[in-house]
Structure formats: C-alpha cells, structure tokens
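Shown next, in structure tokens, is the structure this report addresses.
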Amino acid sequence: MKKLGASLLFVILVCAVLSSAALAKQPYSSYWLPEQLLNWNPASDPDAAFNRSTIPLQSRFTGEAVNPNATKDPKVMALSALNQGTSGVPSQGSDTFSANTFSYWQYVDKLVYWGGSAGEGIIVPPSADTIDAAHRNGVPIMGTVFFPPSVYGGKYEWVKQMLQQNSDGSFPAADKLIEVAEYYGFDGWFINQETEGGTATDAQLMKTFLRYLQDHKPAGMEIIWYDSMTKEGNISWQNALTDRNAMFLQDNGNKVSDSMFLNFWWNDLGSSAAKAKSLGRSPFELFAGIDVEAKGYDTSLKWNLLFPEGKPAVTSLGIYRPDWSYNSADSMADFFARENQFWVGQNGNPANTATSQAWKGIANNVIESSPVDQLPFTTNFNTGSGEKFYVHGQQVRDSGWNNRSLQDVLPTWRWLTESKGKALTPSLDWSDAYYGGSSLKVSGTLSSANATHLKLYQTDLKIEPATKLSITYKTQNKPSMKVGLAFADRPDQFVFLDVKDKKASGWTTDILNLTPYKGKRIVALSLYFDSKEIIPDYDIHIGQISIQNNANPVKPLEAVEELNVIQSDFRGGIYGDARLKWNALDNDKEVQQYEIYRVLPDGKETWVGATTNNVFYVPEMKRINAEQATVLKVVAVNAKYERGQAASVTIQWPAYPKPEAGFKADATLITPGQQVHFTDLSSEVTEGWSWTFENGSPAVSTEQNPVVTYDKEGTYNVMLTATNSSGQDTVTKQALITVSKGASGIKNVALGKTATADHACGPAEDAGKAIDGKVTGNSKWCALGNQPHWLQVDLGKEHQVSGFVIKHAESGGEWSGFNTSDYSIQVSADGVNWSDVVHVQGNTAAETSDAIALVKARYVKLNVLKPTQGGDTAARIYEFEVHGLQP
C-alpha cells in the first residue's frame, strides 16, 4: 500500500488502550418480532448507535423532461430488498465489492426497504447506509412491517401484539415504530398485513392503529398501506381501491394512510382513481403495483392501463423488487448494465426509449428529479463500492469494499449523449478513481466527425461572484474536453468552457472561472469532447467535478476528541476487531465524513473504511508479523474532500499464541491401495507440521496437507503435531482409518429411509425431503421455531457409518447467508443413547463433508445449532447423506 502523502497534513493525537474484555462483534442492522420491538431500547442495544443515519433528507426538484412521453404527475415507489437477508446486514457496509448499490434514485419518489420473515423478524428498519444514500438523493425511505401469510410462518398473535391498545387509547407498538424511525433517522413505515385469521373487529382496530400513527408521527413521516387486509378482517387482495379497503386510506374525511400500494393484478385503474378522488385524495397517492422480482425487464405488463398513450397517467407506479437487477446479475458490471436497461430502457438513453420491446424503461414515463440544488456540489462518481479505494488519486486500499453511505449523487441522465457520428461511450468504471472506488470513463474513437456532448446533471445552482468549477481528470491523450453549462434563462443552450488541452501524467485538475456568469442559475452540467485529429483509442477518466463558492472558504478540520475503543476482541491471537467512538466535531455541517486508517508495521497506512457517523466498527484485522500493537487513525474530511488533523488510538495485541492442532481426512473407510487426502485444520499461527501415519505410506510427513496410501487391511491411528516459535500442540485420532476390501460398497444408507424432525415449515418441507436424493425443485427440510433444530434418521438397521454429506441452502439455489453455520452430528444404536461424532462451527460452504472413524449406528441425528450466517432461525437442509456399508 502507498503511504498517504505529506500533503494530507496529518497531525497525530495518540491515545493508547489495552484490549477490552467485551466482544466487539460486527454490528448489524435491526430486525424484530413484535415482542422484541416492544422491549427495544437504544440505550441497551449495543448496535443501535451504528444504525443511525446522520444525513438529513435533502430537497430535490423535477426539471423539464428529456423524454417526450414522461410527465411529472405520476410518482414511483420502489419496494426493494437492498440486502439479501433481513438478518446479517452489516450496519456500515462490508469488505466486499459486490453489493446492491442502487443508484437510479432520480426515478424513485419513495423507497421501501423490503425485508422481514418469520424466521428472522417482521419489523425491519432500513440499514443506516441505505438511509444515507436515499437521503443524499432526496428520497424518503421507509421501513417494513411485514405480517407474513401463515404458509410462510406468519402468526396472527403477532398482529394482536402490534394492535395491543392501552386504556388511554395509546398503542405501544405504534409509539415504538415512531421512536425507531426518529432515532435511526428514516422516514416512515410500509404496513403489509397478510396474515390470515382477522375479523372485522381487528380491521377496525388496525384502522385505529393507523390513525394513531397519523396523529402522533412527526411532520414528514409517512405511513403506507398495502392492499391485502379488508374491512372484514380477512386477506383478500382487491388490486384496486374499493369500498372493502378504502378505510385504510381515508375514513370519514380523516387520513388513515399517506398512500396505498395496490396489489399486482389490476385491470381497471380508472375506478381506483375515481374512488380516490371521491375520498378527497389524489389518485397519485395510489401506487399500482408491478411484480418484477422474477423477470425484471422481461415482465409482461399492461402498461397502457397505467400510462395510456397520449393521455395523463391514471395513478402512480409501485415496483415490487427491482433488486432483480442485482440478484440476477453475475458481476457488478452486469448489475449496472441490467439497472440501466431496467430504468432507462434498451437504448440506454433516457431521451430515446423507442423500442419494439414492451419494456421501455421507467424513464419513458417519469421525469428525472435531482437533489443538486445547493453549493458546494462535488461528485467523484463514487458508486458506493469498489475493488480498491483512492484518496486524491493515491491508492490507499487494495481490496474490495462497499458502503452506500459514501455513494455520490451520480449523473441524472445515464446516458444522454449527442453526436452527429458514433458517440463516445460513457460508463462508471472501477479500474481507477480519484476519490472512492470509481470514476466516470469516456472512451471510443474521437474526431470532429463524432464530437460528443455528454449531458450529466440536472441542477439548480446559483453562481455567486466567487463561484468556481474544478474538474479532475486522467488521460494518456490530450483531454480534448470542455465543460458545458446551461442556464435558467436559456435552458436549451449550453456554453462551453475550455479545459486546458495539454497532456499531463497522473490526475490533473483544472479550475474554471465562472465570474462572467455570476447571478445566473446553472440548470444542466455537461461535458463536450471534440478533436481535429482522429484519436482512435481515446480514453479519459473524470475523477471529480466540483462547484464551490470560494467566498466562503472551508476551514481545515481539527482532530476529533475522545477517540476510544469501546469494545474489542481477539481470535486465535492473530485476528482482532474493534468498535470506535469519538466526539463529532462541532462544525459538523462542514464534515463530509470521517475516514479510518490502519497503520501497518512498516509505517504505511491502509484505508479501513469511512462513516458519516461518530462510531465505526473496524472489521476483523489480521495480525502482521507478530506485531505487538496496531494504531488506528480517524480523520475528518470536509465538503471539499480536504483532510483535517488525525486522532489515533492504539490496540495492544495479546501474547503470540502457540498453535492448536487439528485435521480431517476426505475418507476414513477405504480399500487397500486407496489414497487418503488429509487437510490441516490447525490454527493459522502454525509454522510447522509433523504427521505420523500408522501403516501408511509415507509413515511420516512434514507437509501441510499430505496424501497417504494404505496397502494393508486394518484400522490405524493418525497423529499431527503443529509447531511454531511459541510452542506446539499434538492431536491423535485413534482408529481413524479403516482399510477393508469391502469398503467399495459404501453408499448413502440414509436415502429413502424414515426421518423425523423438531419442526417443518410446511407439508412440502418436512423431514423426508432431506433424504429423498433431490436437491432441485426446492426439495428441502425447513424448520422454524425454537433452536436448536434437529433431524433424525432411522437407517432401518445397524450400519457401519464412515461419514456424512450435508447440502445446505446454497446447494438448492438459495442465498449463501442461509447456509448452516454451526451443527453437530450424533449416532445411536437405540435412538436413546447418543454419541457425538461431528461438531462444526463457522461453516460457510454450500456443501460439507465430514468423514469419521468407522462406527456402528442405526440412528443418526443432525443438530442444527446456528441455522444461518446471521440471525435467521430457519434451518434449510436440502440433503443429508449418511455414508456407510450395507450390512
């Protein structure tokens, strides 16, 4: 890693601490069942502070349409699962490049953070980074209250708990929903009641509950109702606003909900619009739902019923699961391409959506909105994730990351290019960046014949006498570039400001004087590329565009105070993490974010992460060369992306540990002459290995993962001694390897036998599905309820068992976060007395194989101790194989 340059003006304030006994642990976004919500208190929730958004909802405006079909009246609501699970969502991003960094905010007026399940929690506030990204783009974001259908584990008692009313008329759950939204800083709730079993009395109480929310919520908070429950209390989707569900929107002249999401199977939206008007409500407070979860832009829809050609839109549009773009993609580049086609259409141009395909893109009907209406405005074209991280053009991290809190306001139009020839190609590119993880790349063959005008941002920025524009770029060619500005008095005309046309190595910044245009309002920002010479391989990266009012200089930021490690933890003596906290600077309005760095043993620094908050979780760090201490720095960054002074804190590592020996074999019951592959499972501090294989060839080995051949029948021991400079550890597995001519008859002896379990999610997911030999077609055993879950197989008679294969959730096509984390396996001769033969912690694999020393058993029990990687309590086992000999 490159050391941060002296130009960053670090001044170090050092505070040393010893490790805390408290476990740091990754903080996760919240989710609750009703009882948990009612008992929630941010003061007693150690993760609560990490889940707060600090970015207020920005204002935004809707300008003139670039697409002739688009109009201003219809709004768009997106119900999007921005994270793949309800549980296990890191509060402040993570150390992976791949993430659903949704960025087409310009077409969304309300975003619902979709989540919730019976196995995790049904009340789900948005994660802090999604709130930050939404608010920066001027989009209100709502949490979800999801009462699932009974078939998905829904319990009507949860509805009853939420609707519990005190004698004074208050609803404790409603008060908690308001408290959560205010504390975490988001904008309301989407109420989705789909659990069967309600009555007319319950429906009236639900209406009263919603009215209570209306009366007690703060200004700006929204409550959205989903078309599911009717006034009779049952679940009957109307796919319209009707007399059966209208009371959940408006009742006796009183607002009950701020808007309603209509279910997907609508045919006559005109009647819904008329009904809304009769209630004194706008038809655009109704969002006609479309379900794109399965097919995305290949979904077949009756667009003309919502957006009749040549006529005004009938209602607003609700989009269920546009996260299809991410879930169906095989790379981040593919994700961004799918996003573009989904929102802008096949042509990739919001001004030209004409196509023979049914899906023309949301831009065909909805005008873009923009939050770029105040100075300073700076964009680094940062998508909120990257394969590396850069600060002022210097690489300060060489591995992947994501954090939507850091996402810039990205170009309003993607992509709006105008050329008489073949236009240059713009893209968001992760190969290089000036600040963050990405930049704007423009490439192609450039000449006067294909001069290209790239319109980027819709703006409303007033130019003051001292306003200046700067542009930072990198190219091997001459830039051949101008900056275009359109003003409010002539919005269809652009003036072009020259960028110095000279070659320069590395990132180059040019500052453009806007004084001749003082008093004007910039309504559009663009770039123009032209060259008298033909440049066949033109390629330029735009790292930053910034418009600042230099009459109000931003003061350098001082170091934060009271920087402390509030929790830390060490694992295996070589891994450590920490939770940091500091006092936010008083001039908080000038603080863009705080960056966190780790000082390496050689003095170089690597970027750990950044946050807009005053708390930060330092993900697990690996100890380097037995270092005794690690220094962490926190640096405030202002709106010009200038670094302030640094505060530091030191974490002391424990004494370097001796190793813990461990290993496994890929087979334990083999035929003479068969090879066995041994895998070292010793702790990472191991520096040397000494193996002994009884009657094996070789008999001894110093390899880490040796391969051994056994020629003679018998049962043999295996011993491993792991060593390092601090000591050694030895483990011996008695009678581990059995060599027999009959070993060729090993089969899955559980296939088709009798299985029982603690629970099943439904008749189609009972215990027998785990031993039917099928993985496709959702053939799995699923269990909800109290943990641990267990699955027991009666093999019918006693078998000699040598191992097990488990196919977890990902084997069946589900999210890897649902793979079983911790499990044990027991065997028994009588189904009463059990012996432990396998114990696994921290598994992440889709399929696991556990070979054991040969044992006789009729009964086998799989105990699912931690069903998933996060907080989901549902077990998902697609196949449980027991390998052994037929008697």
Checklist entry - When you look at Thr612 and Thr54, which way does the side chain to side chain donor-acceptor pair (under 3.5 Å) test go after all the steps? => result CA-CA 6 Å; Thr612 58; Thr54 59; 2.9 Å; yes
Quick one: are [X] and [Y] in side-chain contact, heavy atoms under 4.5 Å?
X	Y	value
Leu305	Val314	no
Val145	Asn192	no
Thr315	Leu241	no
Ile122	Phe147	yes
Gln458	Leu525	no
Leu454	Trp413	no
Asp460	Arg521	yes
Tyr107	Val344	yes

Next on the checklist: If you apply the rule side chain to side chain donor-acceptor pair (under 3.5 Å), what do you find for Ser127 with Asp129, and how did you get there?
Outcome noted: CA-CA 6 Å; Ser127 59; Asp129 60 335; 2.7 Å; yes
Next on the checklist: The test is salt bridge (charged side-chain N to carboxylate O under 4.0 Å, His left out); show your working for Asp132 and Arg404 and say whether it passes.
Outcome noted: CA-CA 7 Å; Asp132 286 347; Arg404 285 165 289 211; over 6 Å; no
Item to check | Worked check of side chain to side chain donor-acceptor pair (under 3.5 Å) between Ser87 and Glu120 | outcome: CA-CA 6 Å; Ser87 61; Glu120 298 168 288; 2.7 Å; yes
Backbone of [Y] reached by a side-chain donor or acceptor of [X] within 3.5 Å:
X	Y	value
Asn382	Leu406	yes
Ser282	Phe284	yes
Asp408	Asn380	yes
Thr452	Leu424	yes
Gln407	Thr383	yes

Which residues pass the side-chain contact (heavy atoms from CB on, under 4.5 Å) test with [X], not counting sequence neighbours?
X	answer
Lys217	Ile178, Gln214, Met221, Ile223, Asp258
Asn364	Asn67, Asn69, Thr353, Lys360
Asn365	Phe307
Arg321	Ala81, Trp114, Glu293, Asp323, Asn327

Checklist entry - Does the ring pair (Phe, Tyr, Trp, His ring centres under 6.0 Å) test come out yes or no for His541 and Tyr434, once each step is laid out? => result CA-CA 9 Å; His541 284 83; Tyr434 181 68; over 10 Å; no
Parallel under 30°, tilted from 30 to 60°, perpendicular over 60°: which one fits the rings of [X] and [Y]?
X	Y	value
Phe494	Phe496	parallel
Trp359	Phe342	tilted
Phe264	Tyr226	tilted

Give a yes-or-no answer on whether the side chains of [X] and [Y] include a donor-acceptor pair shorter than 3.5 Å.
X	Y	result
Ser98	Tyr326	yes
Gln548	Ser546	yes
Gln193	Ser228	no
Ser438	Asp429	no
Trp105	Glu368	no
Ser257	Glu222	no
Ser399	Asp95	no
Ser30	Tyr184	yes
Ser117	Thr86	no

Checklist entry - How long is the span from the OH atom in Tyr457 to the CD1 atom in Ile547, to the nearest 0.5 Å? => result 10.5 Å
Are [X] and [Y] close enough that their ring centres sit under 6.0 Å apart?
X	Y	value
Trp189	Phe146	no
Phe102	Trp343	yes
Phe389	Trp401	yes

Next on the checklist: Please identify which of these residues, Arg136, Gln374, His135, meets the side chain to side chain donor-acceptor pair (under 3.5 Å) condition with Gln58.
Outcome noted: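 Exactly one pass, corresponding to Gln374.
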Item to check | Residue among Thr62, Asn137, Thr412, Asp109 satisfying side chain to side chain donor-acceptor pair (under 3.5 Å) with Ser369 | outcome: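 The option that passes is Thr62.
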Item to check | Lys295 atom NZ, over 12 foreign heavy atoms within 6.0 Å | outcome: no
Checklist entry - Does Arg414 make a cation-pi contact with Tyr104, if we ask for NZ or CZ under 6.0 Å from the ring centre and within 45° of the axis? => result yes
Next on the checklist: If the condition is ring pair (Phe, Tyr, Trp, His ring centres under 6.0 Å), which residues does Phe818 pass it with, not counting sequence neighbours?
Outcome noted: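 If we apply the ring pair (Phe, Tyr, Trp, His ring centres under 6.0 Å) test to Phe818, skipping adjacent residues, the hits are Trp815.
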Next on the checklist: Between Asp334 and Arg338 (salt bridge meaning N to carboxylate O under 4.0 Å), is one present in this structure?
Outcome noted: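 Yes, this pair counts.
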Next on the checklist: For Asp373, is there an ion pair with Arg60 - N to carboxylate O distance below 4.0 angstrom?
Outcome noted: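 Between Asp373 and Arg60 there is no salt bridge, as every charged N stays at least 4.0 Å from the carboxylate O atoms.
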Checklist entry - Of Asn263, Leu262, Asn245, which is the lone residue that meets side chain to side chain contact (heavy atoms under 4.5 Å, CB included) with Trp237? => result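 Running side chain to side chain contact (heavy atoms under 4.5 Å, CB included) over Asn263, Leu262, Asn245 with Trp237 returns exactly one hit, Asn263.
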Next on the checklist: Test: side chain to side chain donor-acceptor pair (under 3.5 Å). Region: residues 415-424. Which pairs qualify, not counting sequence neighbours?
Outcome noted: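 Every pair satisfying side chain to side chain donor-acceptor pair (under 3.5 Å) with a residue in residues 415-424: Glu418-Lys455.
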Item to check | Criterion side chain to side chain donor-acceptor pair (under 3.5 Å) on Trp266 and Gln238, from CA distance to verdict | outcome: CA-CA 8 Å; Trp266 35 266; Gln238 300 298 290; over 6 Å; no
Checklist entry - Going through the checks in order, is the ring pair (Phe, Tyr, Trp, His ring centres under 6.0 Å) test met by Phe335 and Trp324? => result CA-CA 9 Å; Phe335 162 47; Trp324 166 88; 10.0 Å; no
Item to check | Residue pair Phe287, Trp225: steps toward the ring pair (Phe, Tyr, Trp, His ring centres under 6.0 Å) verdict | outcome: CA-CA 10 Å; Phe287 292 81; Trp225 179 255; over 10 Å; no
Next on the checklist: Test side chain to side chain contact (heavy atoms under 4.5 Å, CB included) on Val483 and Val499; report intermediate values, then the result.
Outcome noted: CA-CA 7 Å; Val483 175; Val499 175; 4.0 Å; yes
